[in-house]
Structure formats: structure tokens, C-alpha cells
Amino acid sequence: MRRRISTRLGPATSWPPVAGGLAWLVGIVASSAAAASATIAVALAIQRYGEGPGAPEVLALDLTELPAGVFEYRRSGDFSRDGGPVTAPTVTAVIVGRLVVMRHQVTAAAYRRCVEAGACQMSDRGAAAVDRPAVGLSWRDASAYAAWLSDRSGVEFRLPTDEEWAYAAASRFSGDDVPDSAIATDPGRRALARYDRDSRRDETVEREPQPIGSFGTNENGLADLAGNVWEWTDTCFARNRVDQSGAAVVTGVNCGVRVVEGRHRAYVTDFIRDPRSGGCTVGSPPSNLGFRLVRDDRSWQGPHSWLGQAHRLMHLLQKTLRRLTA
């Protein structure tokens with residue numbers, strides 16, 4: 001069962017005294033069982049201390065929590081057998097822990113705050129609209145935003161892996177399903193078949209970014225998946241060799257090219273902001289490049305990590321107290 005989490009990171013009109021806030025924080029981190037579920041609440045408390053010109057501006061986060069699960073997934077990358085291309089194998093993928101995902105793509109207005117903070121590069125496209133996704137962004141831009149938001153909130157955020165994106169997208173996930181009969185052993189025919197498939201999927205879609213929610217939500221409550229904004233993942237492009245039993249062995253990894261997901265899967269060089277002008281390595285180029293993030297709960301796994309996170313939270317609180325008493 002999914003769970004929606006809505007938070008606003010920033011100043012509040014009222015909050016407990018600093019001493020009370022410290023006691024509240026200690027109570028949170030003292031319980032290892034509660035630590036993981038309290039991640040956002042703790043960051044919220046830290047950011048809400050103080051008012052006035054020096055206080056942090058409000059930053060809204062709308063997150064959806066998905067449970068751990070097992071699903072069938074067509075792997076990303078390039079696959080070959082006996083020197084000829086083959087369709088990527090379908091494997092059973094496992095999402096070990098809960099997956100907390102942004103309900104919609106990062107908006108242009110949210111990305112602009114990172115630009116104004118000097119942590120992100122200005123986008124080449126679009127104004128800082130509250131209701132439009134940020135587009136014209138590279139993998140490097142998306143990673144810079146994730147680092148800034150993590151520092152800003154005290155909660156670790158990152159780009160999803162391709163498996164995580166597919167799990168969250170559910171029925172909206174398409175993958176690389178070019179049939180073997182369409183590609184035979186000719187790489188040229190494979191590329192043409194994929195381009196033709198992707199182009200037919202895209203031809204009825206408006207190319208300009210639309211308001212958030214224009215493409216509806218999927219069964220997980222996530223908005224605009226497989227709309228007209230493709231989303232960066234953190235997965236590197238990989239080449240694989242498939243043996244006669246169907247098992248795939250990775251023969252090469254190129255992290256200068258990342259997997260992008262949307263109406264179809266694509267592989268794009270990490271510094272490219274507009275794949276229509278070049279940089280899309282396989283298939284029809286995406287209309288727009290944007291992203292959504294996941295909360296990185298991996299740092300909460302195990303008692304030692306909980307203690308480390310508690311130490312980090314106390315450090316953030318100390319910084320806030322020093323700012324207030326300066």
C-alpha cells in the first residue's frame with residue numbers, strides 16, 4: 001500500500017523554544033525504530049527554526065512511499081549473442097526496502113531556487129513556473145539539484161535507478177521491447193526498428209512541457225510518468241553478452257551515458273540538455289529532459305547507520321542554534 005507524504009521545508013509562524021526543540025530531536029533519534037520514518041520530520045523541524053529575512057524560504061515536498069516489492073523488468077542496456085543484437089532479457093527485480101518518490105517532477109520554480117543559491121546552472125529552457133516541470137536539464141544538473149536539496153533539507157535525495165523508476169512507473173513503464181524478429185542480426189535494422197517504435201509512441205504527444213498533472217497519475221499515485229518529459233535515472237549504459245542459456249554478462253559500462261525513462265527508454269550523454277540537438281545514443285530523442293528524485297533510505301539501514309544519521313542531525317541542529325544566537 002502506498003502512502004503519501006506532504007511536507008513544507010522552511011520557516012513556520014510558530015515553533016517550540018530551542019530547548020524544547022532539542023529535547024524533541026533527542027527523543028526522535030533515541031528510538032532507532034522511529035528514526036527511519038522520522039527522516040523528513042526531523043529535517044522539517046531543523047529548517048523551521050527562526051523567522052525573519054535570514055530564515056530559509058519555504059520549499060514544498062510532495063512524496064509518495066511505495067512498499068518493497070518484486071516485479072518483472074526488462075533490463076536496460078545493449079545486449080548481443082554470437083555477435084548479433086538481441087532483445088534485452090526480462091528478469092525478476094527486487095526492491096528491498098520502501099521507496100519514497102517525488103509525486104511529480106521537479107518544477108521549474110523549485111529548480112530556480114537551486115540556481116539562485118548558486119548550486120545549479122540556469123536551465124536553457126522555460127521560465128521558473130510553479131506549475132511546469134523543469135526541463136532542458138542534463139544528468140549533471142539533476143545531480144547538482146539532488147545534492148543541493150539534500151544539503152538544504154538534511155534529508156538525502158538522489159536520482160532513482162532504472163529499476164526503481166520502472167517499479168514506481170508500474171503500468172506506465174515501456175522498456176526496450178523491440179522483438180527479435182524485427183532486428184534479426186543486423187544492428188542497423190535494430191536501430192531503425194527502435195526508432196520507428198519510439199517515433200510512433202511520441203507522435204501524438206504535445207512537445208511543449210504541460211502543467212503538472214496534465215498526464216494524470218498511475219496506480220501508485222505518481223503524476224505525469226511517461227508524459228512528454230523524460231526523466232533521468234542514475235543507471236549507466238551497459239553492454240551485455242547473452243549466452244545460450246539466456247544469462248547476461250556485463251562486458252562494458254559507460255557512465256558518461258545514462259538511462260532516461262519516459263514514453264520510451266533512451267540513452268543520453270550525461271551533459272546533454274536537449275537530446276533533439278544531439279547526444280541521444282539510441283532511438284528517437286526525448287522531447288524534454290527533466291527529473292524527479294527519491295529519498296535515499298539506504299543510509300538508515302542498520303544500527304550503526306542510525307547512529308551516524310543521529311550524529312548528523314545533531315550537527316545540523318547545532319549549526320541552526322549558532323545561527324540563531326549569533
Side-chain angles (χ1 to χ4, degrees), residues 3-65 97-103 106-107 109-120 142-160 234 291-326:
R3 183 165 68 95
R4 185 170 174 183
I5 308 169
S6 297
T7 67
R8 291 176 70 81
L9 301 178
T13 54
S14 62
W15 196 252
V18 168
L22 177 60
W24 175 84
L25 179 60
V26 170
I28 286 288
V29 300
S31 171
S32 60
S37 61
T39 308
I40 290 182
V42 170
L44 175 63
I46 292 172
Q47 293 298 330
R48 280 186 168 179
Y49 279 113
E51 297 181 30
E57 63 177 334
V58 172
L59 184 63
L61 296 178
D62 192 358
L63 308 174
T64 295
E65 182 181 294
R98 60 183 179 176
L99 182 64
V100 181
V101 191
M102 287 184 171
R103 201 175 73 86
V106 171
T107 64
Y111 183 80
R112 180 59 181 263
R113 291 177 180 174
C114 182
V115 174
E116 292 171 348
C120 293
S143 298
Y145 181 87
W148 170 79
L149 182 61
S150 298
D151 182 69
R152 168 78 167 77
S153 66
V155 181
E156 291 296 327
F157 286 94
R158 58 177 173 81
L159 287 167
D234 209 34
F291 65 98
R292 77 182 73 211
L293 302 176
V294 298
R295 195 179 72 191
D296 193 352
D297 286 344
R298 294 175 298 187
S299 60
W300 290 95
Q301 296 172 1
H304 294 291
S305 295
W306 289 337
L307 291 174
Q309 190 73 354
H311 181 269
R312 180 185 179 203
L313 293 171
M314 292 299 294
H315 176 67
L316 287 171
L317 178 60
Q318 290 169 356
K319 287 175 61 178
T320 303
L321 294 177
R322 287 196 297 268
R323 187 178 70 243
L324 290 173
T325 56

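FYI, side chains are in, hydrogens and waters are out, and symmetry mates aren't considered; it's all heavy atoms of this structure. These figures come from a predicted structure and were not determined experimentally.
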**Request:** Name all residues meeting the side chain to side chain contact (heavy atoms under 4.5 Å, CB included) criterion together with T64; count only those two or more places apart in sequence or in a different chain, and write none if there are none.
**Result:** R2, R4, L66, R103, L222

**Step-by-step side-chain contact (heavy atoms from CB on, under 4.5 Å) determination, L63 to M102** = CA-CA 4 Å; L63 308 174; M102 287 184 171; 3.8 Å; yes

**Prompt:** Just how far is it from atom SG of C120 to atom CG of L149, taken to the nearest 0.5 Å?
**Reply:** 9.5 Å

**Asked** Picking from R292, R152, R295, what satisfies side chain to side chain contact (heavy atoms under 4.5 Å, CB included) with F157?
**Response** R295

**CG-CG distance between L293 and L61, expressed to the nearest 0.5 angstrom** = 9.5 Å

**Message:** For R158, give me all partners under salt bridge (Lys or Arg N to Asp or Glu O under 4.0 Å), at least two apart in sequence or on another chain.
**Reply:** E164, D296

**Message:** Run the side chain to side chain contact (heavy atoms under 4.5 Å, CB included) test against A119 and tell me which residues pass, sequence neighbours left out.
**Reply:** C114, W148

**Request:** Indicate the atoms forming the closest heavy-atom contact of V106 with Y111, along with that distance.
**Result:** CG1-N, 4.2 Å

